[in-house]
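One is the number of the first residue; the rest follow in order along the sequence.
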Amino acid sequence: MSDLALVIRDVVVVDGDSGPGAEQAEPVDVVVEGGRVARLEYRGTTPGGTDVAHEIDGRGRLLMPGFIDAHAHADGLLFDPDVQLALLRQGVTTVIGGQDGVSYAPGDGAYANEYFAAINGRHPTYAGGGIRELLASYDGATAVNQALLVPAGTVRREICGRSTDAASPAALDAMLALVAEGLADGAVGLSTGLDYVPGAFATTDELARLAEPVAAAGGVYVSHMRGGYEAGSQAGIDEIRAIAQHSGVAVHVSHFHAEPHLVHGLMAGLAASGVDASFDAYPYTRGCSILAMPVLPASITVRPTAEVLALLADPDERARLLDEWFPTIVDYPSLGPDWPEQLTLAHIAGPEFAWAHGLTIGAAAARAGTTPAEFTLDVLAASRLEVNVVMAVPYARSDADLASILAHPRAMGGSDGIFVGAHPHPRARGSFARYLRSLVVDQGAMSWADAAALVSTRAADRFGLGDRGRVRPGAVADLVLVDPARVADRATYDAPLALAEGIDDVLVAGVPVLADGRLTGATPGRSIRRSGTDRVVADGLETALRPSSTGRKA
């Protein structure tokens, strides 16, 4: 089909540049050739001389650019057809991984495979070779595209090991070289996770220096901020401001969850300081993370897992944690005194605790006949720390509050979706359909064109993802057909595995990957590299492509 056209008939085109009332526009036929949008023809047959290999009936549907998840955790699981299906049923054709400062490259992947197993899963093939080899692992092996950030925590782990001290000048030089290498290999920026280890031990000065090569390369500094978000967001934003003002880097705040007035006020403050800032936010109030992060000291979790397990088994150390540490976690902004009822067990690697999936720690502890703190230590020990939890916040936000945050002109769609777990957060399977259903259909808080900007166009521009994010001649044909009457998220906190509805046909690089709501088995997905020579895998052969005229990838 590579030399023949695909035509989407009688469809209304909407993208982030469409403007008001775009969904009432006259339907067109969209012709796709060579993996790109060739032309839009108003009502009528495709011009003579075009050989049509495949037609899709677009009547009653909107054609939107493929959705881009600006903060995803599909890294090691993107090869899983079930994960691809969950993403495509939401219209997601590209995910940006390497988030929160932890991923497989640089290095051999062992640290991320251990520490972030409950978030990113384990990569099935990567064993070294840096960002270049990690990116290559996705080419032609999945139905969904993957872009990557250089993870600053992994960089620190490679150079400084498990040290909690500030990086020495020599270590900082070595870290800068790894960041620059990752950017040269095609990463779209640098990520930090400043509540995770070892990122929690990085100083602001260290991060500002690491941002220098990112700014020079035109990448983005992406940060899971320090401070726990919510009411603690000011401290994280102040640090981001200092990093940006030192380096000149463009910044992006990961999963910016806080009350609307805080989000708008802090973003306005960055703009007034001359900082080029954007953010992503998922359309839910509750969060999700590894259990060890909020409930154990970073000075413990930075140690090798075997040492942490030995500590948890030591009666004196265990008593010290129970008596001295656990009373302090109530001060963490995303927890509070009711933390046992705020944390729902989503993934537990220890099979003896499988019965606790979907229960709060408080309920599970009561069933086990122990205290919440003791149960927490028990389940972590039995699972070798591989546990993740859905985290409720003390003050839930309404749909109108979420709409106010997402209406910000620098907001982007980011699910923070974690696919690991028997009872995961519904955001992994619902976020992008929920954006459309809640913001456009139910609340009327934004137009379809505004929604296209939120879920696609802005991220394509921000992260330099080439000719994506729009439906126009010459654009890469990552395309989504949306039924505006049916589109809806079905995943809930009680039933988190339900797939979204109303998106049944999706193309990636002009190839149908979802048809009638089912995977076609095609794997045209690829890694999207930031710059330099672009390489794709075609028919099992690596093929070099000419860089685009902008210096960014096609």
Side-chain angles (χ1 to χ4, degrees), residues 14 16 20 23 62 64 67-72 86 89-92 229-231 233 253-267 278-288 333-334 336 341-342 344 346 390-418 424-456 458-459 482-503:
V14 179
E23 59 269 28
L62 307 176
M64 301 178 72
F67 302 163
I68 298 166
D69 192 334
H71 189 106
R89 286 281 292 262
Q90 298 175 71
V92 175
Y229 288 83
E230 300 296 337
S233 295
V253 181
S254 295
H255 43 63
F256 200 172
H257 47 83
E259 294 182 68
H261 75 275
L262 285 173
V263 174
H264 286 281
L266 292 171
M267 288 296 294
S278 57
F279 69 95
D280 60 74
Y282 46 81
Y284 300 86
T285 297
R286 302 181 196 179
C288 183
S334 293
E341 302 308 323
Q342 301 288 95
T344 299
V390 174
M391 305 167 65
V393 296
Y395 306 103
R397 281 177 290 282
S398 67
D399 285 349
D401 286 342
L402 291 169
S404 172
I405 292 168
L406 293 164
H408 192 284
R410 304 307 300 274
M412 298 174 200
S415 70
D416 201 6
I418 296 171
H425 195 300
R427 68 193 187 191
R429 291 167 175 82
S431 286
F432 280 76
R434 186 172 177 82
Y435 289 129
L436 303 185
R437 185 71 195 183
S438 177
L439 299 175
V440 183
V441 178
D442 290 344
Q443 297 187 67
M446 62 177 61
S447 69
W448 285 103
D450 291 337
L454 174 73
V455 300
S456 183
R458 290 178 195 150
V482 178
D483 184 336
R486 292 179 51 241
V487 67
D489 56 301
R490 296 303 181 201
T492 65
Y493 292 113
D494 292 328
L497 299 176
L499 298 177
E501 295 182 352
I503 294 175

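If you run side-chain contact (heavy atoms from CB on, under 4.5 Å) between V482 and each of V14, V487, V440, only V487 comes through. Residue L406 is tested with V455, D280, L439 for a side-chain contact (heavy atoms from CB on, under 4.5 Å); the sole match is L439.
Screening residues 403-415 for side chain to side chain donor-acceptor pair (under 3.5 Å), with sequence neighbours left out, gives D69-S415, H264-S404, D276-R410. Pairs passing the salt bridge (charged side-chain N to carboxylate O under 4.0 Å, His left out) check and including a residue from residues 254-264, sequence neighbours excluded, do not occur.
Residues R286 and A392 come closest through the heavy atom pair CG-CA, 3.7 Å. Closest of all the heavy-atom pairs between Y493 and T285 is OH-N, 4.1 Å. Listed here is the closest heavy atom pair of V390 and P424: CG2-C, 4.3 Å. Residues A400 and Q443 approach most closely at CA-OE1, 3.5 Å, considering heavy atoms. Residue A445 comes nearest to A403 through the heavy atom pair CB-CB, 3.9 Å, listed as atom of the first residue, atom of the second, then distance. Of all the heavy atoms in R458 and P409, the pair that sits closest is NE-O, 3.3 Å.
With rounding to the nearest 0.5 angstrom, the CG atom of D489 is 11.5 Å from the OH atom of Y435. To the nearest 0.5 Å, the span separating OG on S438 from CE on M446 amounts to 9.5 Å. In this structure, CG in D416 is found 4.0 Å from NE2 in H71, a value given to the nearest 0.5 Å. To the nearest 0.5 Å, the span separating CG on L497 from OG1 on T492 amounts to 9.5 Å. Between the CG atom of D442 and the CZ atom of R437 there is a distance of 5.0 Å, given to the nearest 0.5 Å. With values rounded to the nearest 0.5 angstrom, L262 atom CG is found 12.5 Å from H257 atom NE2.
Counting only distance, with no hydrogens or angles, the side chain of R429 and the backbone of A491 share no donor-acceptor pair below 3.5 Å. Side-chain atoms of R89 come within 3.5 Å of backbone N or O of A500 as a donor-acceptor pair. Counting only distance, with no hydrogens or angles, the side chain of R486 and the backbone of E501 share no donor-acceptor pair below 3.5 Å. Panel note: side chain H425, backbone I418; no donor-acceptor pair is recorded below 3.5 Å. For Q342 (side chain) and M391 (main-chain N/O), no donor-acceptor pair under 3.5 Å exists by modelled atom type. In this structure, the side chain of S456 does not engage the main chain of A453 through any donor-acceptor pair within 3.5 Å. Remark: the backbone N or O of V393 is not paired with any side-chain donor or acceptor of E230 at under 3.5 angstrom.
Legend: residues meeting side-chain hydrogen bond (donor to acceptor under 3.5 Å, both in side chains) with S447, ordered by chain and number and at least two apart, are D450.
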Test side chain to side chain contact (heavy atoms under 4.5 Å, CB included) on D399 and R434 and set out the steps.
CA-CA 11 Å; D399 285 349; R434 186 172 177 82; 3.4 Å; yes
Let me see the working for S278 and F256 under side chain to side chain contact (heavy atoms under 4.5 Å, CB included), right down to the final yes or no.
CA-CA 10 Å; S278 57; F256 200 172; over 6 Å; no
Trace of the side chain to side chain contact (heavy atoms under 4.5 Å, CB included) decision for W448 with L436
CA-CA 8 Å; W448 285 103; L436 303 185; 4.0 Å; yes
Check step by step if ring-ring contact (aromatic ring centres under 6.0 Å, His included) holds for H255 and F279.
CA-CA 7 Å; H255 43 63; F279 69 95; over 10 Å; no
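Side-chain atoms of R427 and Y284 include no donor-acceptor pair closer than 3.5 Å.
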